[in-house]
There are 2 protein chains.
Amino acid sequence: MTEPASPPIYDYEHDPAAIYRQSFAIVRHEAELGILPAYLQSVAVRLIHACGMIDIVSDLAWSADVVARARTALAAGAPVLTDVEMVAYGIIRSRLPAQNAVLCTLNDPAVPEMAARLGTTRSAAAVELWRDRLAGAVVAIGNAPTALFHLLEGLAAGWPKPAAILGFPVGFVGAAEAKLALSDNPFAVPYLTLAGRRGGSALAAAAVNALAAGVPEED
Amino acid sequence: MTEPASPPIYDYEHDPAAIYRQSFAIVRHEAELGILPAYLQSVAVRLIHACGMIDIVSDLAWSADVVARARTALAAGAPVLTDVEMVAYGIIRSRLPAQNAVLCTLNDPAVPEMAARLGTTRSAAAVELWRDRLAGAVVAIGNAPTALFHLLEGLAAGWPKPAAILGFPVGFVGAAEAKLALSDNPFAVPYLTLAGRRGGSALAAAAVNALAAGVPEED
């Protein structure tokens with residue numbers, strides 16, 4: 001007869017401040033932050049922290065004004081518009097500098113009918129409902145390529161311009177293309193995006209969180 | 001004087017059914033699904049779809065009973081316990097087979113004081129509040145390694161066993177270790193996890209969505 005195995009003992013860091021500190025130290029040690037301009041490095045640290053992948057650094061694309069423009073807009077009380085609830089729930093409300101509204105229109109009761117009428121996805125149709133809030137807003141897209149494409153189409157049609165678009169749609173159909181179109185946008189709308197298929201709500205929310213507050217190590 | 005540039009015209013797939021179909025076709029074409037047992041392949045397709053990365057296939061770890069056990073539990077009305085709101089909001093409620101409760105205790109008012117008393121993170125303290133709902137539940141962890149470690153500690157101390165743990169914490173401190181501890185759990189609790197630093201709410205929610213419904217192509 002064998003002895004019953006004793007239960008395992010788990011040795012891990014419990015202190016939230018130490019976890020943050022160690023995480024950001026590892027990211028700064030391992031990631032090639034030096035290829036980014038100084039103003040983008042702390043934002044990149046937070047993005048890497050959110051996804052666990054240091055190699056996203058080389059896929060980031062941005063306009064030089066995006067950090068300053070998004071920070072100024074948020075400080076002035078700009079709303080944050082998101083394509084999915086997951087992004088909205090990833091935004092740390094207490095970090096927002098002006099109790100900014102966070103708005104996701106995807107589950108608005110008007111959306112399914114609009115999507116059918118427009119012949120598009122619910123995510124794209126929901127963007128129609130952003131129009132009145134779009135001027136000077138910070139847009140964070142973490143899921144749907146069609147939402148980003150629809151927004152770009154709206155801008156081409158003369159919609160009001162947001163202060164910044166944080167574009168992180170994910171996936172195999174349209175995500176890389178929508179983010180490339182964002183990088184090439186001729187509307188002079190500031191942007192931050194991640195080229196390719198990778199993306200997601202956690203990255204979109206992390207971008208907002210990074211731009212809403214100061215240095216991530218101060219969390 | 002140059003002509004003003006005409007606005008760009010975006011050519012992309014608008015039809016949600018076609019987007020799903022093409023996405024899953026690309027995943028099935030590119031991903032090495034053949035290294036997985038048949039019962040896990042459609043779950044893996046949905047996980048890959050959620051993160052845009054075909055190479056997660058080789059980092060998946062699971063117990064042979066996890067798909068059957070989670071499906072049976074959900075069909076029988078088991079609650080889904082999540083570590084963060086983002087996971088809860090990524091779960092497609094209409095896919096749940098029995099109007100299952102989706103419970104996130106992170107923002108319970110008791111949690112901050114408990115975290116301070118236990119000397120741990122809020123995410124880990126929130127797991128204490130799962131105890132009465134844990135027997136037969138489906139656990140989906142998409143953010144905090146400490147939540148997963150705390151759950152394993154509870155199981156070692158004799159807490160009721162969940163039907164399955166879907167473990168996708170992410171990041172640089174403790175995530176890989178917590179997921180390895182889950183894979184090595186001596187409590188015979190069925191599990192599905194992703195080795196290494198990658199993970200996140202989208203993957204945890206996608207795992208629930210895949211196990212809650214049938215074939216992902218039927219979305």
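Protein chains get the first letters and strands the later ones, always in sequence-line order, with residue 1 at the start of each. Side chains included, hydrogens not; waters and symmetry mates left out as well; all remaining heavy atoms used.
Scanning residues 111-130 of chain B against chain A with a 4.5 Å heavy-atom cutoff picks out B/G119, B/T120, B/T121, ordered by number. Close approach to chain B, defined as a heavy atom under 4.5 Å from one of its heavy atoms, is seen in A/I48, A/H49, A/A50, A/C51, A/G52, A/M53, A/I54 of residues 48-58 of chain A, taken by number.
Taking both residues in full, the closest heavy atoms of A/V173 and B/I19 are given as CG2-O, 3.9 Å, listed atom of the first, atom of the second, then distance. Heavy-atom minimum distance, B/M86 versus A/S201: CE-CB, 3.6 Å.
Taking chain A as the reference chain and counting heavy-atom pairs below 4.5 Å, the highest number among B/E153, B/E177, B/E85, B/E30 is found for B/E153. Ranked by heavy-atom pairs under 4.5 Å with chain A, the list B/S23, B/G199, B/A178 is led by B/S23.
Contact of B/P186 with chain A is made through the side chain alone, with heavy-atom distances under 4.5 Å. B/L152 touches chain A through backbone and side chain together, each having a heavy atom under 4.5 Å away. With a threshold of 4.5 angstrom between heavy atoms, B/V27 approaches chain A through side-chain atoms but not through N, CA, C or O.
A/P8 is listed as a side-chain neighbour of B/F187, based on a closest heavy-atom distance under 4.5 Å.
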*asked:* Is there a side-chain contact (heavy atoms from CB on, under 4.5 Å) between A/E13 and B/F149? Walk through the geometry before answering.
replied: CA-CA 10 Å; A/E13 182 59 71; B/F149 269 130; over 6 Å; no
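The structure places OH of B/Y10 at 14.5 Å from OG1 of A/T146, a figure rounded to the nearest 0.5 Å.
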